[in-house]
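A short worksheet on the structure shown next.
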Amino acid sequence: MIANLLAKSYARTAVAALVALVFAIVVTSIVLSVSGFNPPSTFQAMFDFGKEPDSVVNTVNRAAAYYLSALAVAIGFRMNLFNIGVDGQYRLAAMLAAAAGGAWALPPGLRQVVIILVAVVVGGAWAGIAAILKVTRGVSEVISTIMLNFIGTGVIAFLLSPNRLAAKVAGSNNIGTKPIGSSGRVPGISYPGSDLKIYGLVLLAVLAGLGFWFVINRTRFGFDLRATGLSQSAAVASGVDAKRMVVIAMVLSGAVAGLVGMPQLLGGSYSYSLDFPTGIGFTGIGIALLGRNNPVGIAFASLLWAFLDQSSQILEFNDIPKEIVAITQAAVLLSVVVVYEIVNRVGRRMDQRRVAAELGEAAA
Amino acid sequence: MSTTEPAVELHGITKRFPGVVANHDIDITVAAGTVHAIVGENGAGKSTLMKILYGMQRPDEGTIKVNGEVADLHSPSDAIARGIGMVHQHFMLADNLTVLENVVLGAERLHGIGGGARRRIREISDQYGLGVEPDRLVEDLGVGARQRVEILKVLYRGARILILDEPTAVLVPQEVDELFANLEDLKREGLTVIFISHKLDEVLKVADAITVIRRGTTVASADPKEVSARQLAELMVGSELPVPELRESTVTDVPVLTMENVTVRDATGRAVVDGVSLTIHEGEILGIAGVEGNGQAELVEAIMGMLPAESGVIRLGGEDLSGRSTRRRREMGVGFIPEDRHRHGLLLESPLWENRVLGHQTRSPNVKGILIDRAGARRDTERIVEEYDVRTPGIDVSADSLSGGNQQKLIVGREMSGNPKLLIAAHPTRGVDVGAQAAIWDHLRRARAEGLAVLLISADLDELIGMSDTLRVILRGRLVGEADPATITPDELGSLMTGAAEGSVA
Ligand SMILES: Nc1ncnc2c1ncn2[C@@H]1O[C@H](COP(=O)(O)OP(=O)(O)OP(=O)(O)O)[C@@H](O)[C@H]1O
Ligand SMILES: [Mg+2]
């Protein structure tokens, strides 16, 4: 019966997500029809394009970054900390890691490890500033991380200039860090039917997810973290040092944020330039919400998000603005919260009816 | 409104939760203008029934009539609209808001949110002698004061039918008397009060009618003029009324906790604990008597390391505790039964076995190295559930699905685990039925015989006198007197607590 109930709670989450998705598709259909497009054929086109091998590779690669970003957000959420600064953390981390990777010609193996370590340390340190401000000065992490995003953007702009950490990319107007040599790259994984490669460090995202699950659910530290999130006063009475937890969780969140840019940096672009993707940190907040801060839920949410991003590319060929997908995504997010609440209530009622049936009227 | 109509009629009420039937075919009629008491053991279904009447939970079956009319209550606002108000067993106040904000929240339309509301709060507070200050932060209030805010909140909304779920559990006798005087006033004004309590003497004193609930169903109605507390206890749990008492002394001369001149100040610089010195020995239970809000909570938090002591020394078994974290102190063998179990004792949304780990998350059987030992924690939770008679369908249900008294038993069982040297017990039997009270006292006596030192704080003066080897009285943060538990009566202790009598009563 326990396993039964547990399975149920997962089932509820899944049902809620599906209902939200259906709702989002309905909303999108309405918008499409009103704008004079045919919804079924539009979706068909997206779906057909989305399942092409190249699209699958792009989807997976993009999902890996989303996944890491959402995990970083979820670490904070689990103890009611709002790390809005994942965006600044991962960009600064990727930039400095790229610069270090381009500059230091270390032996293969070690070189990748050092690059990733630099990213983790930079991400953690950047988030750590917000943590220190919170525990010493009581500054809300929401405010400080948003500010740190702006400052991070400024720092990157300052450092990413030709006489500092960057150089002009040959044959373009782009500016980027010195490319990481082949000894520092991570080979990709081929996907049948596509010339594109799945980034090798997609596996890093998988590992991070497993690590997240293990640490949160199985370790003392994870217990303290969850307890703090559930009831700060009870956690403190139980012997948790609340300030220390804030610092550790925030730094950890930033460290994971530092990983966000790594699959692409070491697997595709090899340098941090002006066109390195931005905004993944914000997307991660939505994905963490959709995945209910749970590593499995976040995995599905990341894939869905990346799939929508990828398949929307075809829309422009049909003269449909691809921003239509943003409507779908927003509708999913807004509705999932409400739907989850409803599904949960219905589920509980069904539970109670089932109990009633099992116990029969003789009980009491 | 015709006075012959009963204020409340509950008929055939049944309510099921996963794994338990909380209410089964309950019938109760409450006459208007009376105080109607509901008694029953922990988990009998009293709170559930009241939540149904207050619209917080929907009955699976049955009908509710209010003032003769069938009422279909979907939410508390439906209940409030019919003049029903409820003070819950556990506080429902927002800690970080002021009293005023808490009271007007959701009732903004009545008297606004500013001066008008403040005036009305003062008015009610004066009228019923509640002593509520509208502009204080709820966070800074003790349990008794919070209780009064809850009552005020209900009166503010103009309730004519008041549900009080264990309103006296944390009040000392004087406060209880005041409350009961208030209830008399309310009754005279035609209000109806439904009142739940485990303190049977009190029930007999104020109630006009008594309904006994057992295993979710009404088993008897009793006339308070005709039954005794003993008979009532038998009706409730089928057992006799337990008496708190210590037999032979087990006090040794080995000090466990020593405090010398400890002072704690609040944010405004006032000394809330003022130069307290005391020693508790192995095998000794030291009771602290005092009206709630005289520094007991701060004293406890200073010992636990949750509040810094400004000056003075606290030692455990000869070791200075200053600079040691709460966790370290717990590891050194300090058990802690907090006065507010929801705020400091439980993770309400987590399963029981995770709550077993709480506060003991660095020690076996809950952990192995840096990992949580799920099997060990679960096994030990089963043991606690068994030994402390926690009534629950299993250890995987969340803590908030346990009745209040059963939550308390779980906490007591947890804090007595792992052979603590010192137990800080604030209201250890709060909300616990008479049968389980006896069991908790037994556990305390047994641990005391094995050398446990206990700092006991309780609003129940019989418990305090009966279970203490030594009694100290706290008033405005100072230990003002000492009393001999062998000879003192509750009345004498009561006057010491309010500062009416000076010095010691030997
Ligand atoms: N939300 C809930 N989910 C599941 N079970 C519940 C829930 N609320 C109460 N119960 C169960 O219903 C039964 C009755 O609980 P209730 O809180 O009404 O008891 P009570 O008479 O108020 O006891 P106490 O004196 O300990 O407060 C208990 O077995 C309890 O575990
Ligand atoms: Mg109750």
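First the proteins, then the strands, lettered A, B, ... as listed; each starts at 1.
- Between chain A and the residues B/M306, B/M304, B/R327, the most heavy-atom pairs under 4.5 angstrom are made by B/R327.
- Within the 4.5 angstrom heavy-atom criterion, atoms from both the backbone and the side chain of B/Q361 approach chain A.
- Note: A/A227 leads A/A235, A/G222, A/A227 in heavy-atom pairs under 4.5 Å with chain B.
- With B/D60 contributing its side chain and B/R16 its backbone, the two residues share a donor-acceptor pair below 3.5 Å.
- B/R328 does not touch chain A: none of its heavy atoms, backbone or side chain, sits under 4.5 Å away.
- Taking chain A as the reference chain and counting heavy-atom pairs below 4.5 Å, the highest number among B/V367, B/T362, B/L346 is found for B/T362.
- Note on B/R374, B/K368, B/R329: by heavy-atom pairs under 4.5 Å with chain A, the leading option is B/R374.
- Pairing each heavy atom of B/L358 with each of A/F223, the nearest pair is N-CZ, 3.8 Å.
- Contact annotation for B/V397: neither backbone nor side-chain heavy atoms come within less than 4.5 Å of a heavy atom of chain A.
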Problem set entry | Stepwise side chain to side chain donor-acceptor pair (under 3.5 Å) check, B/Q408 with B/H427 | CA-CA 10 Å; B/Q408 184 71 14; B/H427 312 285; over 6 Å; no
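- Looking at A/V215, there are no atoms closer than 4.5 Å to chain B (heavy atoms on both sides), in backbone or side chain.
- For the atom pair OG1 of A/T145 and CH2 of A/W126, the computed distance is 12.0 Å after rounding to the nearest 0.5 Å.
- For B/E331, no part lies under 4.5 angstrom from a heavy atom of chain A.
- Ranked by heavy-atom pairs under 4.5 Å with chain A, the list B/R341, B/E301, B/E354 is led by B/E354.
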For this session: Take A/M79 and A/M250 through the test side-chain contact (heavy atoms from CB on, under 4.5 Å) and record every step on the way to the result.
Result: CA-CA 10 Å; A/M79 59 172 276; A/M250 202 70 191; over 6 Å; no
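- At a cut-off of 3.5 Å, with distance as the only test, no side-chain donor of B/H342 or B/D340 sits close to an acceptor on the other residue.
- With B/T218 as the fixed residue, the side-chain contact (heavy atoms from CB on, under 4.5 Å) test singles out one of B/L10, B/I28, B/D25, B/V212: B/I28.
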